[in-house]
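Down below is the structure, laid out as structure tokens.
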Amino acid sequence: MKQSLVQIAIVIRDYDEAIQYYTKVLGFELIEDTVQSPTKRWVVVRPIGSSCGLLLAKAANEKQAQSIGNQTGGRVFLFLHTDNFDRDFARLQDHQVTIVRGPVVESYGKVAVFEDLYGNLWDLIEPAVHD
């Protein structure tokens, strides 16, 4: 049996501001932006080289809107691996992204926690190379 995650939905406030953030600030690529109705679009972004994308899902009601920025109850939500921590950390700083913790070197790699534009927590990780 073979399975894989291909998309993770993230509740957002506005399609265009989310596309701008994930593509310009984090450097993701826009995979799809299809209008489904006057109020709904199918928008997918993903890190370059990744097979898993983020479905940017605009909150459709007040209950969904309450989850924006807190999809995991304050825990780190997404883990972004990189081949060059210093490059990507500098990019976050250049775009004035809020750094919550780090950077620090742990047994599993170099890591920092940052907030996305809505307040969701992410780990930026350059995994350690183990012999």
Self-check item: Minimum heavy-atom distance between Ile12 and Leu56, given as atom pair plus value
Solution: CD1-CB, 3.8 Å

Quiz item: Within the distance-only criterion (no hydrogens, no angle test), does the side chain of Gln71 pair as donor or acceptor with the backbone N or O of Val11 below 3.5 angstrom?
Solution: yes

Self-check item: For Arg101, salt bridge (Lys or Arg N to Asp or Glu O under 4.0 Å) partners two or more places apart
Solution: none

Exercise. Any chance you could measure Tyr21, atom OH, to Asp14, atom CG, to the nearest 0.5 Å?
Key: 15.0 Å

Quiz item: Can you name the residues that form a side chain to side chain donor-acceptor pair (under 3.5 Å) with Asp86, not counting sequence neighbours?
Solution: Lys110

Quiz item: To the nearest 0.5 Å, how far apart are CZ in Phe28 and OG1 in Thr23?
Solution: 10.0 Å

Review item, side-chain donor-acceptor pairs of residues 39-54, under 3.5 Å, at least two apart:
| unit_1 | atom_1 | unit_2 | atom_2 | d |
| --- | --- | --- | --- | --- |
| Arg41 | NE | Asp33 | OD1 | 2.9 |
| Arg41 | NH1 | Asp16 | OD1 | 3.2 |
| Arg41 | NH2 | Asp16 | OD1 | 3.1 |
| Arg41 | NH2 | Asp33 | OD1 | 3.4 |
| Arg41 | NH2 | Asp33 | OD2 | 2.7 |
| Arg46 | NE | Glu29 | OE2 | 3.3 |
| Arg46 | NE | Ser50 | O | 3.3 |
| Ser50 | OG | Cys52 | N | 3.1 |
| Ser50 | OG | Cys52 | O | 3.1 |

Practice problem: Work out which heavy atom in Ala128 is nearest to a heavy atom in Ser107; give both atom names and the distance. | Solution: CB-O, 3.5 Å

Please list, one pair per line, the donor and acceptor atoms closer than 3.5 Å that link side chains of residues 57-65 to other protein atoms, with sequence neighbours excluded.
| unit_1 | atom_1 | unit_2 | atom_2 | d |
| --- | --- | --- | --- | --- |
| Asn61 | OD1 | Lys63 | N | 3.1 |
| Asn61 | OD1 | Gln64 | N | 2.8 |
| Gln64 | OE1 | Ala60 | N | 2.7 |

Side-chain donor-acceptor pairs of residues 88-96 under 3.5 Å, sequence neighbours excluded:
| unit_1 | atom_1 | unit_2 | atom_2 | d |
| --- | --- | --- | --- | --- |
| Asp88 | OD2 | Thr82 | OG1 | 2.4 |
| Arg91 | NE | Val25 | O | 2.6 |
| Arg91 | NH2 | Lys24 | O | 2.8 |

Quiz prompt | Linked hydrophobic residues, Val111 as query - side chain contacts closer than 4.5 Å | solution = Val76, Phe79, Val100, Val104, Tyr108, Val113, Leu121, Ile125

Self-check item: Residues in side chain to side chain donor-acceptor pair (under 3.5 Å) contact with Gln7, at least two apart in sequence or another chain
Solution: none

Exercise. Kindly work out whether a path of hydrophobic side-chain contacts (I/L/V/M/F/W/Y, heavy atoms less than 4.5 Å apart) joins Val6 to Leu30.
Key: no

Quiz item: Does Leu5 sit in a hydrophobic cluster with other residues, and if so which ones, taking ILVMFWY side chains as linked at heavy-atom separations under 4.5 Å, directly or through other members?
Solution: none

Quiz item: Where does the angle between the aromatic ring planes of Trp122 and Tyr22 fall among parallel (under 30°), tilted (30 to 60°) and perpendicular (over 60°)?
Solution: tilted

Quiz prompt | Counterpart residues, ring-ring contact (aromatic ring centres under 6.0 Å, His included), relative to Tyr15 (two or more places apart) | solution = none

Self-check item: Pairwise distance CD1(Ile31) to CG(Leu55) - rounded to 0.5 angstrom
Solution: 12.5 Å

Quiz prompt | Residue pairs fulfilling salt bridge (Lys or Arg N to Asp or Glu O under 4.0 Å) with at least one residue in residues 66-81, sequence neighbours excluded | solution = none

Quiz item: Rounded to the nearest 0.5 Å, how far does OG1 of Thr72 lie from CG of Asn120?
Solution: 6.5 Å

Exercise. Under the side chain to side chain donor-acceptor pair (under 3.5 Å) rule, collect the residues that match up with Ser4, sequence neighbours excluded.
Key: none

Practice problem: Mind checking ring-ring contact (aromatic ring centres under 6.0 Å, His included) for Phe77 and listing every partner two or more places apart, or none if nothing turns up? | Solution: none

Self-check item: Validation row: Phe85, Val105 side chains within 4.5 angstrom (heavy atoms)
Solution: no

Self-check item: Nearest-0.5 Å distance, CG of residue Leu78 to CG of residue Leu124
Solution: 12.5 Å

Quiz item: Do Asp116 and Ile10 touch side chain to side chain, with heavy atoms closer than 4.5 Å?
Solution: yes

